[in-house]
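Atoms within a ligand are numbered from 1 in the order they appear, just like the ligands themselves. Quantities reported herein were computed from a predicted structural model and do not represent experimental measurements.
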Amino acid sequence: MGVTNLKYLERLNDRFRGTFGHLPTTLVRAPGRINLIGEHTDYNDGFVLPAAVSHLIYFAIGKSDHATQSCIVSLDFDERFDFDLTDMAPLPEGSWQNYVMGVAAELINDGKELYGFNLVFAGDVPRGSGMSSSAALECGTCYGLNELFNLGLSRTKMAELSQMAEHHYAGVQCGIMDQFASLMGKEGHALLLDCRSLQHQYFPVGLNGYSLLLLNSNVTHSLADSEYNIRRQQCQQGVEVLQKEFDGITSLRDVSKEQLDKVVDKLPIAVAKRCKYIIEENQRVMRFTGALSESNWYEAGQVLREAQHAMRYEYEITCPEIDFMADYANKHSDVLGARMMGGGFGGCTLNLVREGSEEALISGLKVAYLMEFGKEITPIEVRVADGVSLIG
Ligand code: GLA
């Protein structure tokens, strides 16, 4: 067992015993994720290429002494929250409690029998970084409750229920990528997921002389969630117009560039740009996957550059800090490509760099970013890891 695991487990066990008077019955770890390519394609029934990583949330879970009274403790926020399974209205947006309560509510809604439970959690998935700490919290909770109450759920079902918790309790109409990656990740592999059929294939991420570097902008813009939901509506608006012209379209996944060109005059400009982005982003996933299989790192880097450009000008989900970081990296001779990762409006950039050049890139960008925005960037080292599991 890794040192990090042990450190967290000791803290969780101590707090669990201190609060509830006995040790937990179930210990779970749930990873955050990176996404190599394919942003916002998931809720358009498209393709994504994420991987679970070794930044994790750890959970200690046990039954409570009561049929419905439950308690969650966040060690990182140093907060305790008591609630009843019969009364689980969502708290204001942004409350961490929503992710746990949301999962419990979705399980009950799905006909599963739950009893009161106690849950303590802590972890090191940076929040607001685009690494899906919220999915890790949902999926770890779901997996833990599945174990504790013997619910017999498949991982796919757990991903779907966790996604619904995010919709109904966090208010973000997200796709399934984050939850699927957190539950289905495999060490050393990226996951090519067809978000319509949920069929998936694992691709080894062996970068041979190159490395993936995450740089956290340390900004999270407050409009991220509302803009996310607006993007989803705009895609739907595009689909409705396209459906009037062509048969067999249920989502942007089904639309070709030629079809879009034929209806472009009937679409608001913003909607046309969003549709073009999604069609091409799906193609970029395929190109990136091909490049990965052929170890063609130049092509992989080129795809990242194009994706950054498209997220900035077509999907319009970047922000000045991210654009600055990506531009800086994309001009650096040891960087093959860099782009923003995740839902948008802050978080991390993903940089494909020549191995050994990381320090030079980081120190140069650190100074430039500090001068421009008065803020630090934080490098995040990630290892591609397994999906949610029991500990011990
Ligand atoms: C967030 C959502 C995902 C996905 C990404 C963008 O992480 O939770 O479903 O849409 O943004 O690719």
ask   = Where the closest heavy atom to atom 8 (O) of ligand 1 is concerned, which of Asp178, Asp42, Ile176, Ile317 has it?
value = Asp178
message = Do Gln173 and Arg232 pair up side chain to side chain, a donor and an acceptor below 3.5 Å, judged on atom types alone?
response = no
task = Answer yes or no: does an N/O atom from Tyr43 fall short of 3.5 Å to an N/O atom of ligand 1?
result = no
ask   = Does a donor on one side chain sit under 3.5 Å from an acceptor on the other, for Ser251 and Arg196?
value = yes
message = Looking only at distances, can you tell me whether any N or O atom of Arg33, backbone or side chain, sits closer than 3.5 Å to an N or O atom of ligand 1?
response = yes
key: Which residue and heavy atom of the protein sit nearest atom 11 (O) of ligand 1, plus the separation   = Gly343 CA, 3.3 Å
query = Is there any N or O on Ser132 that sits under 3.5 Å from an N or O of ligand 1?
reply = no
remark   = So the atoms of ligand 1 within less than 4.0 Å of a heavy atom of Gly175 turn out to be 9 (O)
request  = Any pair with a residue in residues 320-367 that passes ring pair (Phe, Tyr, Trp, His ring centres under 6.0 Å), sequence neighbours left out, goes on the list, sorted by first then second residue, please.
outcome  = Phe324-Phe373
inquiry  = Show the atoms of ligand 1 that are less than 4.0 angstrom away from any heavy atom in Tyr228.
reply    = 1 (C), 2 (C), 3 (C), 4 (C), 9 (O), 10 (O), 11 (O)
task = Evaluate whether atom CD of Glu79 has more than 12 neighbouring non-hydrogen atoms of other residues, nucleotides or ligands under 6.0 angstrom away.
result = yes
query = Just which atoms of ligand 1 are under 4.0 Å from any heavy atom in Met177?
reply = 4 (C), 5 (C), 12 (O)
ask   = Do the side-chain N and O atoms of Thr68 and Asp84 include a donor-acceptor pair separated by under 3.5 angstrom?
value = yes
request  = Would you mind running through ligand 1 and noting each atom that sits below 4.0 Å from a heavy atom of Cys174?
outcome  = 2 (C), 8 (O), 9 (O)
key: Enumerated ligand 1 atoms positioned under 4.0 Å from heavy atoms of Glu39   = 6 (C), 12 (O)
query = Should the proximity of Met131 to ligand 1, defined as any heavy atom under 4.0 Å, be assigned to the side chain, the backbone, both, or neither?
reply = neither
Cation-pi check, Lys186 onto Tyr202 ring (under 6.0 Å, within 45° of axis) = yes
task = Taking only heavy atoms of His40 into account, list the atoms of ligand 1 that are under 4.0 Å away from them.
result = 6 (C), 12 (O)
query = Are side-chain N/O atoms of Ser70 and Asp82 paired as donor and acceptor at under 3.5 Å?
reply = no
inquiry  = Which label fits Tyr58 and Tyr8: parallel for a plane angle under 30°, tilted from 30 to 60°, or perpendicular past 60°?
reply    = parallel
